[in-house]
Amino acid sequence: MEKLPRRYLLLLVVALLSLLLTAWVPPQAKRVFRAGFYENPPKIYTDEDGQIAGFWPEILNYIATQEGWQIEWVPGTWEENLARLQAGEIDVLPDVGWTQARSEIYTFSEETVLVSWARLYIPPGSSIETIIDLEGKKVGGLINSVNFDGPDGIKVLAEKFGVQCTFVGYKSYDEVFTALENREIDAGVANKDFGDQNESKYNISHTSVILAPASLRFAFAKDGEQTDYLLQTIDADLVKMKNDQKSIYYAALDEYMGGNASGTVVKVVPRWVYLVIGYAGGAILLLAIIVVIVRRQVVLRTASLRASEERNRELVENIPDQLYRVNSKGVLLDLQTSHNVSPFITIPDPIGKSFTDFFPREIAETAREKLSATLSTGQMQIHEFHLTVDGTEHDYEARIRKSKADEVLAIVRETTEQKQAERELRESEERYSMLSEVAPVGIFRTDKDGLTTYVNPAWCKISGLCFEGALGNGWLKVVHPDDLEMVQKNWQKSTHENRVSYADYRFVHPDGSITWVMGRAVPEKDAKGNVVGYIGTITDITERKKVQELETAVMKAESADRLKSVFLAKMSHELRTPLNSIIGFTGILLQKMVGPLSDEQENQLRMIQSSASHLLNLINDVLDISRIEAGQMPVANEPFDFRNAIDSCAAKIKPLIEKKGLELIEVIPFESLEIVSDRRRVEQILLNLLSNANKFTENGSIKIECSVKKNTLTTRVIDSGIGISKEDLTLLFRPFTQVETGLSRKFEGTGLGLSICKHLVELLGGKISVMSEPGKGSEFSFTLPLKGGTK
Amino acid sequence: MKRKILVVEDNEQNMYLVTFILKTAGHEVLQAYNGMDGVSMAEQYLPDMILLDIQLPKMDGYVVSRILRKNPKLAKTPIIAITSYAMPGDREHALAAGCTGYIEKPINPETFIGQVEAFFKAEK
């Protein structure tokens with residue numbers, strides 16, 4: 001950077017000088033040319049004294065001196081210079097590589113001044129050796145230089161090689177090398193003249209990649225006013241110089257390009273030198289490219305070869321097959337296995353040993369038989385054998401092929417897992433088959449069209465059909481005619497839609513008996529999920545069906561009964577409400593609470609009362625008996641005081657008894673007694689017995705007697721009434737029977753009371769009995785369990 | 001001994017009958033023709049006994065009994081359910097609802113007063 005002020009100073013001096021000269025010099029004064037200048041040592045650069053030096057300035061200055069020109073150096077970057085030349089701002093630019101594209105923008109000297117090419121430079125220690133190595137790297141170069149952006153430049157070259165890398169443009173080679181030195185880029189392209197001289201300064205190194213050979217010439221502004229003149233003059237001077245070994249051209253080459261640059265010298269004369277150099281350069285380039293390509297190929301091939309070797313090695317090591325070469329005498333000649341160790345020959349150094357040495361006798365004999373069979377027939381033989389190796393069981397399969405007249409090749413493969421799987425499958429099949437044979441359910445299988453292919457013995461037993469008879473659609477013949485259509489439709493639908501099938505249907509046996517079955521079938525699928533058939537079961541549900549039918553019948557009956565109960569309850573309630581009034585008011589009147597009655601009034605009112613009571617009792621008794629017969633009589637099982645219950649009943653009956661002039665005697669040996677039973681029913685029984693006693697007793701007494709023995713409470717109702725004949729005693733507890741006394745209908749009652757009592761006592765877990773003698777009275781007694789009883 | 005008895009009964013004839021019998025026996029009778037009136041009259045007059053029909057419009061006897069039993073002043077008052085023999089479970093429900101006892105319908109004028117008075121005796 002510090003060179004810049006100097007350069008400007010120089011320019012100032014030159015400018016002043018030129019001003020002075022123009023002032024002094026007459027019209028034919030010196031021609032002035034503007035020449036582009038940039039730093040590209042050793043070819044063109046600013047020297048330590050601030051003077052523009054280098055190979056190109058030396059030659060141009062010489063020509064200028066010869067021709068009496070004045071050179072005005074215009075500094076700039078390479079890129080700026082190219083742009084200026086194109087714009088005609090400068091007249092000439094040295095060291096421009098000729099390309100087709102540039103020749104259309106600039107005018108080039110005919111004469112090539114230097115032949116040069118570029119090199120790829122790298123920081124020290126970098127592993128980049130070829131263009132291929134640039135993959136993914138950062139590559140720097142001079143903007144608009146032939147070797148960077150040109151047709152043979154690094155960008156194009158990389159693209160041709162299919163290498164993807166990032167390019168960074170710089171304004172001078174100096175910047176490229178600085179960037180390399182600082183490792184801002186992974187590689188940089190520079191012309192070799194610059195590189196050879198400077199790589200050590202920047203502490204970088206070069207690669208063998210050479211590119212963009214270029215013919216370096218003077219370039220002129222395309223339409224510059226002085227271009228034609230300059231072109232002709234410079235070309236002519238160049239020819240002269242090149243032809244003179246002592247010319248400034250060669251001197252400059254020696255001075256700036258040094259020994260290293262000897263190959264770059266381009267002489268016009270003799271022409272062969274140029275040709276040789278050109279060819280050599282081309283050849284070198286070609287070689288370089290070939291080297292790069294070959295290298296790449298080698299790298300790729302090597303990698304693929306390595307991969308291939310690896311694959312082969314793995315293949316060989318993992319291949320389950322082992323190869324054994326055996327001669328006609330059964331002697332092992334050679335073996336090839338993954339590690340050259342036989343998995344089943346356990347003796348050391350088996351080569352040269354015979355079958356009998358490493359096989360158990362039996363296997364050795366078979367092996368020998370197979371060996372001779374192979375040799376005699378030429379047909380491949382298979383020998384399967386089972387061995388115990390190191391305590392574990394192994395299966396092997398040897399394929400024995402004839403390889404020579406007296407030699408065979410045995411390809412042996414371990415089949416343990418396969419054999420194990422086969423064994424397991426066989427066992428599973430056997431188990432399945434056995435299970436099917438003994439299963440109590442009917443099992444069937446069909447093909448994919450639903451045609452029966454198998455039925456088990458249980459199936460035959462349930463259906464009454466033999467195995468053969470069931471096959472195909474044969475089974476349908478014994479399906480109950482009423483179920484046939486449903487079964488067929490259902491089965492067709494299931495097989496059509498490949499779905500699970502359910503159906504309950506009947507089989508008709510040859511003897512006409514019917515078996516209900518529950519049928520189920522599921523599609524059987526192969527590994528790919530295709531339906532290959534159906535497997536199903538039939539279960540004998542005849543018993544269940546019977547139970548179901550019974551249950552249905554019972555349910556129907558029960559619901560009818562419930563309906564009846566509800567009806568009766570409702571009805572009796574509705575009947576009772578008006579009866580309540582009738583009985584009540586009749587009672588009031590008869591008690592003369594309202595006022596006195598005539599005898600006839602009283603007589604008729606008693607008739608009303610009697611009929612009403614009879615009707616009420618009838619309603620209650622009908623309700624009870626219907627409930628009892630339907631098994632619907634609810635019975636409680638709760639503790640209560642029995643004494644209390646008796647007192648309650650006595651209170652109710654006492655007025656009636658006393659009204660008849662009778663005496664109620666209670667013989668109860670307890671003040672209170674807790675029993676577990678149904679108080680209401682117990683009271684109903686007691687009242688029934690007491691009112692019966694009252695009904696049939698005209699004089700004397702009615703006695704209630706209780707006794708407790710163990711867990712049983714016995715209650716007796718004893719009257720001194722008319723009694724019951726022996727014949728009548730047996731009919732006593734039947735419904736609707738009232739003992740005929742000859743005084744028919746004298747005694748009101750429905751004839752249901754005792755029947756109900758008997759049922760109730762039994763419901764409460766007790767027994768009822770009667771003892772009687774006509775004319776002397778009756779004794780009804782019933783027992784109750786103290787701690788409750790079950791029906 | 002004269003008692004103040006509240007009768008809750010919706011049937012007019014039965015009400016008349018019960019009232020007649022009770023009055024004839026010398027008791028004072030309060031009448032309520034539905035459950036709601038029964039509750040309010042019981043709370044207002046604090047009777048010595050309540051005869052309670054179960055099948056009542058709007059509020060049945062069980063509910064009436066439960067409400068009355070929550071009133072401390074009526075906690076010990078005998079509440080006698082007049083139950084229908086035809087409806088099984090009436091008695092059990094009645095006792096569970098707090099009734100002291102029950103008298104079965106249809107009432108018998110000859111025994112009715114004895115039954116009622118038996119509850120007063122049991123109370124002592």
Side-chain angles (χ1 to χ4, degrees), chain A residues 565-594 609 612-613 615-617 619-624 627 632-636 638 640 644 647-656 658-659 678-681 683-684 687, chain B residues 7 9-27 29 51 53-57 60 80-96 99-123:
Chain A
S565 294
V566 171
F567 169 73
L568 288 170
K570 283 269 175 201
M571 189 195 71
S572 65
H573 177 72
E574 295 306 318
L575 288 172
R576 233 185 310 232
T577 305
L579 265 179
N580 213 16
S581 294
I582 297 169
I583 293 166
F585 288 114
T586 314
I588 288 170
L589 291 171
L590 279 169
Q591 281 186 302
K592 302 188 177 81
M593 284 171 166
V594 185
Q609 188 187 44
S613 294
L615 185 56
L616 181 67
N617 287 335
I619 292 168
N620 287 345
D621 287 353
V622 165
L623 193 61
D624 275 349
R627 274 183 187 158
Q632 295 273 301
M633 179 64 94
V635 172
E638 284 165 357
F640 65 91
N644 198 294
D647 288 348
S648 168
C649 293
K652 279 180 192 168
I653 204 79
K654 209 170 180 177
L656 301 174
E658 286 173 350
K659 217 178 103 189
D678 186 325
R679 175 169 181 160
R680 189 179 160 199
R681 298 301 167 195
E683 286 183 12
Q684 190 181 347
L687 274 174
Chain B
V7 181
E9 166 67 76
D10 64 318
N11 185 289
E12 217 166 321
Q13 290 184 8
N14 283 338
M15 177 66 98
Y16 185 91
L17 178 68
V18 171
T19 306
F20 187 90
I21 296 170
L22 292 174
K23 278 188 172 171
T24 307
H27 301 294
V29 178
L51 294 175
D53 188 23
I54 292 302
Q55 287 176 314
L56 291 169
D60 70 24
I80 314 303
I82 311 294
T83 61
S84 164
Y85 170 76
M87 306 307 277
D90 268 9
R91 297 162 165 229
E92 291 71 22
H93 286 146
L95 295 177
C99 291
T100 316
Y102 46 82
I103 294 172
E104 201 168 273
K105 271 206 241 181
I107 58 165
N108 183 341
E110 290 171 44
T111 55
F112 182 70
I113 198 69
Q115 285 175 299
V116 169
E117 287 177 352
F119 285 107
F120 287 127
K121 280 178 196 153
E123 196 185 0

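Note that the structure is predicted; figures quoted are calculated from it, not measured. Lettering of chains follows the sequences in order, A, B, ..., and the numbering in each one begins at 1.
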Under a 4.5 Å heavy-atom cut-off, does chain B meet the side chain of [X], its backbone, both or neither?
X	result
A/Lys654	neither
A/Ile588	both
A/Leu590	neither

Once you round to the nearest 0.5 Å, how far does [atom1] of [X] lie from [atom2] of [Y]?
X	Y	atom1	atom2	result
B/Ile113	A/Met593	CD1	CE	7.0 Å
A/Leu687	B/Glu104	CG	CD	9.0 Å
B/Ile103	A/Lys652	CD1	NZ	9.0 Å

Name the option with the most non-hydrogen atom pairs under 4.5 Å to chain B; the candidates are A/Leu579, A/Leu616, A/Thr586. A/Leu616

Would you mind telling me which of A/Val594, A/Asn644, A/Ile582, A/Leu656 has the largest number of heavy-atom pairs within less than 4.5 Å of chain B? A/Val594

If you count heavy-atom pairs under 4.5 Å with chain A, which of B/Val18, B/Thr111, B/Leu17 comes out on top? B/Leu17

Region of B/Gln13 that comes under 4.5 Å of a non-hydrogen atom in chain A: both

Should A/Phe585 and B/Tyr16 be marked as a ring pair (Phe, Tyr, Trp, His ring centres under 6.0 Å) after you check the CA-CA gap, both sets of side-chain angles, and the distance that decides it? CA-CA 9 Å; A/Phe585 288 114; B/Tyr16 185 91; 5.6 Å; yes

CD/B/Glu12: more than 12 non-hydrogen atoms of other groups inside 6.0 Å: no

